[in-house]
Each structure stands twice: as structure tokens, then as C-alpha cells.
Amino acid sequence: CVSINILPSGRVTMSMTTLLTLASMFGSLSSITPRISYTTKLDVWMVVCIVFVFGSLFEFTVIVFINGYFADVSYIVDSVNLTKKIAWIDDAKANRDSSGSAKVHPNPTASTQRPQTAMKTEDDNKKAQVLIRKIERSSIIAYPCLFLIFNIWYWVDILSVYLDSE
């Protein structure tokens with residue numbers, strides 16, 4: 001299991017390389033085998049492998065979303081506050097009369113207060129980390145088990161067809 005903190009260089013790179021390799025192999029095999037109107041066992045194998053890799057990418061996307069959603073958003077709020085302060089200064093400059101005195105004295109602290117909806121609590125972050133660990137652990141168990149079940153079904157089916165033909 002590659003850590004979520006190793007975003008671009010870890011999981012995504014491995015998964016994308018595997019996905020592109022499988023797609024390339026599927027394209028190569030499709031081009032060298034005769035065209036037929038039905039699905040072959042090889043097609044099933046390649047599509048299931050691609051689905052498994054895509055599923056792991058989707059699972060990682062969900063984890064990154066959960067981690068980002070419950071992350072500390074103070075830097076976002078701070079940039080919003082900075083934008084509000086700049087807008088207040090621009091408004092103050094625009095509200096000066098010809099003598100140079102301000103017409104309106106808005107309260108800058110009212111517009112720069114941190115909105116309650118944007119604040120994430122430490123408890124939310126801990127719950128998110130527990131949820132991420134549960135998803136990771138279940139995926140670590142589920143993916144190999146499902147792939148093993150698929151392999152058992154696939155190879156039993158292949159062997160039964162082979163043995164029936166003899």
C-alpha cells in the first residue's frame with residue numbers, strides 16, 4: 001500500500017503505467033487475432049484486468065477527495081480574506097469625495113471574519129482519517145480476493161473447455 005502522501009510519484013504513476021500497458025496489450029492482441037463477432041476469453045481477461053486497475057485508481061481518487069475535503073482549509077479562507085481586504089481598500093478609495101475624505105467608513109473586520117461553514121474541526125479530520133484507513137484496509141483485502149475469485153472462475157472455465165475438446 002503506497003501512502004496517500006506520495007500522490008503523483010507513487011500510486012498514480014503505477015496505476016496509470018499498468019492501465020496504459022494493459023490497454024496497449026489489449027490493442028495489440030486485438031490487432032493480431034482474427035476478427036470475430038463474439039467475445040473471447042482473452043477479451044474477458046483483458047477487460048477484467050483493466051477494470052481492476054481502473055477500480056484501484058477510482059478508490060484512490062475517493063481517498064484523495066475525502067482527505068482534501070476534510071483537510072484544513074485555513075489557507076483557502078485566508079486567501080478569501082485577503083481578497084475581501086483588497087476589495088475593501090478599493091471600495092474605500094472609490095468612496096472618497098472630491099476633498100479626499102471618505103464618505104463611508106465600512107468595518108473591515110466584519111468582512112474578513114472566518115466563515116463558520118469553512119471551518120473544519122479536528123474531530124472531522126480524525127473521522128476522515130479513520131474512514132480513509134477503513135477504505136484502504138477493505139481495498140487491500142477485497143481487490144486480491146476478487147481477483148483470486150475471478151482467476152479461479154476463469155481458469156476452471158478455460159480448462160473445462162480445453163478438456164472437453166480432447
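- Here Thr40 pairs with Asp43 under the side chain to side chain donor-acceptor pair (under 3.5 Å) rule; sequence neighbours left out.
- Put simply, Leu148 and Phe52 are part of two different groups of oily side chains (I, L, V, M, F, W, Y) that touch within less than 4.5 Å, one to the next.
- To the nearest 0.5 Å, atom CD1 of residue Ile140 and atom CD of residue Glu136 are 5.5 Å apart.
- With contacts defined as side-chain heavy-atom distances shorter than 4.5 Å, the pair Val130/Arg133 qualifies.
- No more than 12 heavy atoms of other residues, nucleotides or ligands lie within 6.0 Å of CZ in Phe54, so this atom counts as exposed by the packing criterion.
- Taking CG of Leu20 as the start and CE of Met25 as the end, the distance is 13.0 Å to the nearest 0.5 Å.
- In this structure, the side chains of Ile66 and Ile135 come closer than 4.5 Å at one or more pairs of heavy atoms.
- For the pair Val53 and Ser15, the tightest heavy-atom approach, listed with the atom from each and the gap, is CG1-O, 3.4 Å.
- Asn151 contributes a side-chain N or O that, together with a main-chain N or O of Phe147, makes up a donor-acceptor pair within less than 3.5 Å.
- Contact record, Phe26 with Met46: CD1-CB, 3.2 Å, taken as the closest heavy-atom pair.
- Here the CZ atom belonging to Phe60 is positioned 14.5 Å from the CZ atom belonging to Phe65, to the nearest 0.5 angstrom.
- Between the CZ atom of Arg137 and the CD1 atom of Ile132 there is a distance of 12.5 Å, given to the nearest 0.5 Å.
- Judged as a side chain to side chain donor-acceptor pair (under 3.5 Å), and not counting sequence neighbours, Trp45 has no contacts.
- For the atom pair CG of Asp157 and NZ of Lys41, the computed distance is 3.0 Å after rounding to the nearest 0.5 Å.
- Residue-environment remark: OH (Tyr154) exceeds the threshold of 12 foreign heavy atoms within 6.0 Å.
- Among residue pairs with one or both ends in residues 20-38, none qualify as side chain to side chain donor-acceptor pair (under 3.5 Å); sequence neighbours excluded.
- Hydrophobic clustering of Ile, Leu, Val, Met, Phe, Trp and Tyr side chains at less than 4.5 Å, counting indirect connections, unites Trp153 with Ile50.
- Thr17 OG1 to Leu22 CG: the interatomic distance, rounded to the nearest 0.5 Å, is 11.0 Å.
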